[in-house]
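One structure is given below, encoded as structure tokens.
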Amino acid sequence: MKLKDIVQVTIFTVVAFILNMAVSTATGMLGTLSLYIAAGFSSFVVAPPFIIMAKKLQKRGIAFIFFMLLGVFYALSGYWPMLIVNAIAAIVAELIIGNYKNDNRVALAVSAGMFVISMHAMTFVRLLGPEKIVEVFSVFTKEQAAFMDAFFTPKAMLISIGINIVLVLIAGRFGLYINNKFFKNSKKSGIL
């Protein structure tokens, strides 16, 4: 990839990260409900930048760079384990995306990547337990970690997974809609 392409990917990723943080913060105000939908809903603001970028550059490796850059921004925010999560999301997205000219594959790739990211909290809580969560994740207090441990029962996790699958798949289609509506003829119109 050329330097210009990497700069474009970074710009789109910064936009997605900022919007993602804004949505996560806003949904976090909803209390318990946010544990079900925050990560899935935030994919609505990550999907459009990713899809516009992927459809615009049309090159392999875009998904990998995008998700890894997201991981770096999370790490810079003190949430370093997201580098591991985003690496998995990046590999999953790259395996799925296939041909960037296939809209369904592009939407599915970003949706699958966001689903991996949206499941990270439950996964880490179950694997590490509340005490270790506080040590590993500087963003969580002991009270929050204890609440998450009590809340993420098998039933709650299944409900959350179901909701997230639906939300991230819709978000992928929403991203394609935004791309086709406003950026399909981007070169001709001078946008981006």
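Residues take their numbers from the sequence shown, with the count starting at 1.
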For this session: Check the pair Asp103 / Asn179 against side-chain contact (heavy atoms from CB on, under 4.5 Å), numbers first and verdict last.
Result: CA-CA 10 Å; Asp103 284 358; Asn179 176 77; over 6 Å; no

For this session: Measure the CG-CZ distance between Asn164 and Phe115 for me, rounded to the nearest 0.5 Å.
Result: 6.5 Å

Exercise. Which pair of heavy atoms, one from Leu169 and one from Ser111, lies closest together, and at what distance?
Worked result: CA-OG, 3.7 Å

Exercise. Where the side chain of Tyr100 meets the backbone of Ala54, is there a donor-acceptor pair that is under 3.5 Å apart?
Worked result: no

For this session: Could you check whether the rings of Phe174 and Tyr177 sit parallel, tilted or perpendicular, using 30° and 60° as the cut-offs?
Result: parallel

Exercise. Can you tell me if Arg173 and Asn104 form a side-chain donor-acceptor pair at under 3.5 Å?
Worked result: yes

For this session: Taking all non-hydrogen atoms of both residues into account, name the closest pair between Glu94 and Ile62 and its distance.
Result: OE2-N, 3.6 Å

Seminar exercise, completed: In this structure, CG of Leu57 is separated from CD1 of Ile6 (nearest 0.5 Å) by 10.5 Å

Exercise. Is there side-chain contact between Ile178 and Ile51, with heavy atoms separated by less than 4.5 Å?
Worked result: no

Exercise. Heavy-atom distance under 4.5 Å between the side chains of Gln58 and Lys101, does that happen here?
Worked result: yes

Problem set entry | Nearest-0.5 Å distance, CE of residue Met53 to OG1 of residue Thr13 | 5.0 Å

Exercise. Going from CE on Met114 to CZ on Phe50, what distance comes out if it is rounded to the nearest 0.5 angstrom?
Worked result: 11.0 Å

For this session: Please determine which of Leu69, Leu70, Ile91 meets the side-chain contact (heavy atoms from CB on, under 4.5 Å) test together with Asn86.
Result: Leu70

For this session: Report yes if the side chains of Phe73 and Ile18 come closer than 4.5 Å at any heavy-atom pair, otherwise no.
Result: no

Exercise. Just by distance, do the side chain of Arg60 and the backbone of Gly98 share a donor-acceptor pair under 3.5 Å?
Worked result: yes

Seminar exercise, completed: Scanning both residues in full, the closest heavy-atom pair of Leu176 with Ala107 reads CD1-CB, 3.5 Å

Exercise. When hydrophobic residues are tied together by side-chain contacts of less than 4.5 Å, even through go-betweens, does Leu83 share a cluster with Leu76?
Worked result: yes

Problem set entry | Test item: Gln8 and Asp5 side chains (from C-beta on) under 4.5 Å apart, heavy atoms | yes

Exercise. Taking the side chain as C-beta and beyond, is there a heavy-atom pair between Leu19 and Val46 under 4.5 Å?
Worked result: no

Seminar exercise, completed: Between Phe67 and Gly113, the two heavy atoms sitting closest are CZ-CA, 3.7 Å

Exercise. Is a side-chain donor or acceptor of Arg105 paired with a backbone partner of Ile96 at a separation under 3.5 angstrom?
Worked result: yes

Exercise. Under 3.5 Å, is there a donor-acceptor pair between the side chain of Ser160 and the main chain of Met157?
Worked result: no

Problem set entry | Closest non-hydrogen atom pair between Ser43 and Val168, with its separation | OG-CG1, 3.6 Å

For this session: Give me the ring orientation class for Tyr74 and Phe17: parallel if the planes are under 30° apart, tilted from 30 to 60°, perpendicular past 60°.
Result: perpendicular

For this session: Identify the two heavy atoms, one from Ser42 and one from Asn20, that lie closest to each other, and give their separation to 0.1 Å.
Result: CB-OD1, 2.7 Å

